[in-house]
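Data block below; observations after.
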2 protein chains.
Amino acid sequence: MTGIREIAIEAEVSPATVSRVLRNPELVSEEKRLRVMEIINRTGYTPNSLGVGLRKAKSNRLVAIIPDAISAFNYPVIRAIESIALEHGYSLLLGDTQEMVSRERSFAAMVRSRQADGILLFCPRLPFDVEPSIPLSEQLPPLVNACELVPINGLAQVDIDNALAAEDGVNYLLSLGHKRIGVVAGNLTSPSTRNRLEGYRRAIHKAGIAYDDSIVKVGDYGLEKAERATLDLIQCPNRPTAIFAFSDEMALSCISTLYKQQLQVPRDISVLGFDNISYANYCNPALTTVAQPMADIGKVCMELLLPQLNGEPMPVIKRVLKHELIVRASTGPAPTR
Amino acid sequence: MTGIREIAIEAEVSPATVSRVLRNPELVSEEKRLRVMEIINRTGYTPNSLGVGLRKAKSNRLVAIIPDAISAFNYPVIRAIESIALEHGYSLLLGDTQEMVSRERSFAAMVRSRQADGILLFCPRLPFDVEPSIPLSEQLPPLVNACELVPINGLAQVDIDNALAAEDGVNYLLSLGHKRIGVVAGNLTSPSTRNRLEGYRRAIHKAGIAYDDSIVKVGDYGLEKAERATLDLIQCPNRPTAIFAFSDEMALSCISTLYKQQLQVPRDISVLGFDNISYANYCNPALTTVAQPMADIGKVCMELLLPQLNGEPMPVIKRVLKHELIVRASTGPAPTR
DNA sequence: GTGAAAGCGCTAACAC
DNA sequence: GTGTTAGCGCTTTCAC
């Protein structure tokens, strides 16, 4: 493992000059520059990032704090973030918290110990103790909060309008003649879930339909709970003619469960998903869903984070991106009974 | 951001003593130890990992080099690795290469530049130039190679027996009376794909069936290519009665495509997958598949890596884990024509 | 049991 | 343009 000193000795220059060749080549005479570069290329020397980081007080690493790091939904978001981060010399660390607050905080602590320079926060809690009397943006490290928003003002945030998105989805089902629409929700600790629920209520209220608690089932975004919820829904008196699942993964589980119960989708029951994961177009029947612009979410996160990493203050802004209803084959007219 | 020096001043001890309290508390008198600990707890001091790393020449970070970091298959493997790594004080960096050799090498270079201490290699190429005259294990950093094996001896490797696993899968289809079994393979650059193909050939050969090139379609493990391959297969003269897809994701794409073509699974065509991802049990029909022990793969990777991180030489060993045929609803008896 | 001092690999301010 | 020097934060001899 060779260091800058060895390169310097071999090139008969000072370590400082070697460093300059790498960081500010324009300050070095062409002759020495070429001599140094030749040795660097030949030996495959790479600066020790710990030394650089220590000196510059920078790790060039970002940490994403995510309840469930590698779900089909998060995947494109993370991909977009990672690819932009890499372009700017940062690598991305995935901090999978499994919904544990202690793990959220432990990942966040990496910034303090200089293992990371910035945070992408996908949890609805700030993983720091904050002093209420001081503006948030002044006491936080470079940070962007997305998808599950901390219910607080003063952060850089990125999301869609979940309530409106759900409302649009329900309106579409209403337009097909469905009057009894069941819900398979995720866990209520998630603000996005609560907002989608609110959008659902708003839509059916506007349509003059009474809210019926018994056909709104709360799960945890897992496939098993979604199966259970679906079974509960179809055993309801006055069975729903449509089910709105708050994620595509749960919608797939719904559909599979319905078929096992000899119910055809969408002939007997329509199913609407949320997210538009890549499978949505490859399941059977193809899934009608409320699409989130996942790659864009990642892109905007980095747009808000990069300036902070360069020393600018946190922009106090909430970027709301557009959702889109994608109609495929899992929804159809309400059956006449 | 407070450092060891501030703690030392406040506790009226030397920085060395503070360091000892954290690393070798038994060397410090109880009195000073308590005094220092109190201040550390109160201020929330965390050692700067760059400083520690520089001094100890260790980053406590591992990098996983993966062609497609966050596929449904890789997910449980990565999860297992990350959770064990964390227990041992390492964090995991996901290096998604998108099949680009340059990215494989650039992630591997993180070890050289001390950004990582060890490598989990899921690609079938060594991302280093090696000197053939020296034993591999002596010139490589801590490293484990899994799932896509480098075709070379002298590494620590983890995998299943892909050929045997495929053979078992095909034998099951044969036992159902299928005589014409199509294949939707992944890309042939992947050793696991080639091995599965070999297992397929072996099984049909033993059954006295001639290998027919025209019903073996090569894809790239993507959903689109799998759709194309499925369409090709059903337009073949003497259409296959069963399709063996070399991943569950591709199998789901097959099934969806078949339904779009008015073909019922398994009534008209059986579909067999590979991996046993979590969706396999929640698709419609539920997928029969050759299961890989994904969490175990991750666990064994860490079993082979941790000793190396502690300075032991690379174990030259190939751990072959057990696969398992999981019969669900996507396969059935061959239709009689 | 404890402190002083050296040094991990690098960069940047300063002097020439 | 270039070299010398100091120091980023920490751990670990070494002496006491």
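Keep in mind the model is a prediction, meaning the values are calculated, not measured.
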Polar side chain donor-acceptor pair, N310(B) to Q308(B), under 3.5 angstrom: no

Rounded distance (Å) that lies between atom C1' of dC10(C) and atom CD1 of I40(A): 13 Å

Salt bridge (charged side-chain N to carboxylate O under 4.0 Å, His left out) between R319(B) and E303(B), worked out: CA-CA 11 Å; R319(B) 291 279 300 270; E303(B) 279 171 19; 3.6 Å; yes

Whole-Å distance separating the CG atom of N48(A) from the C1' atom of dC8(D): 13 Å

Euclidean distance, atom NZ of residue K58(B) to atom C1' of dG9(D) [Å, nearest integer]: 19 Å

Summary of protein contacts for nucleotides 11-16 of chain D, nucleotide by nucleotide, where a base hit scores B, a sugar-phosphate-only hit scores S (4.0 Å, heavy atoms): BBB---

Between Y221(B) and T193(B), a side-chain donor and acceptor under 3.5 Å: yes

Those residues that, when tested against D129(A), pass side-chain hydrogen bond (donor to acceptor under 3.5 Å, both in side chains) (two or more places apart): R105(A)

Distance in angstrom units between E30(B) CD and dG1(C) P, rounded: 12 Å

Intermediate values then yes/no, salt bridge (charged side-chain N to carboxylate O under 4.0 Å, His left out), E26(B) and R33(B): CA-CA 9 Å; E26(B) 69 281 4; R33(B) 187 155 41 82; over 6 Å; no

Distance, rounded to the nearest Å, where L54(A) contributes CG and dC10(D) contributes C1': 8 Å

d(CD, Q115(A); C1', dG9(D)) in whole Å: 14 Å

